[in-house]
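Scroll down for the structure; my scribbles are underneath it.
No experiment lies behind these values; they were computed from the predicted model shown.
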Amino acid sequence: KPRFNKANKTDSPEVNLVARQIVDAAFCAHSNLGPGLLESVYENCLAYELKKRKLRISQQLSLAVLYNGQQLDSGLR
């Protein structure tokens, strides 16, 4: 398991700005909704908050599995 170290840390101002926006959006959505709702509710509210911040997002993308050289539809999202 790779460990985080300062050599692979990204100190880019752009990355830090986006990271702050994501954390703020998640905090905002959770603070407004509170605990106990379905994950899909939090997902949609977080998506809304990220879009408000002019971030491009994609939701529930399908992920294929590569098995024995074959790409299989795994049903993962």
Exercise. Please determine, by modelled atom types, if Glu49 and Asn32 share a side-chain donor-acceptor pair under 3.5 angstrom.
Key: no
Does a side-chain heavy-atom distance below 4.5 Å link [X] with [Y]?
X	Y	answer
Ile57	Lys51	yes
Arg53	Asp24	yes
Asn44	Gln59	yes
Cys45	Leu33	yes

Exercise. Please check if the side chain of Tyr67 supplies one atom and the backbone of Leu72 the other of a donor-acceptor pair under 3.5 Å.
Key: no
Quiz item: Between Leu55 and Gln21, what is the shortest heavy-atom contact and its length?
Solution: CD2-OE1, 3.4 Å
Quiz prompt | Gln60 atom CD: more than 12 heavy-atom contacts under 6.0 Å | solution = yes
Quiz item: Transitively linked via ILVMFWY side-chain contacts under 4.5 Å: Phe27 with Ile22?
Solution: no
Exercise. Answer with yes or no whether the hydrophobic clustering places Leu38 together with Tyr42; edges join I, L, V, M, F, W, Y residues whose side-chain heavy atoms lie under 4.5 Å apart.
Key: yes
Quiz prompt | Approximate separation, where rounding is to 0.5 Å, of Asp73 CG and Ser62 OG | solution = 6.5 Å
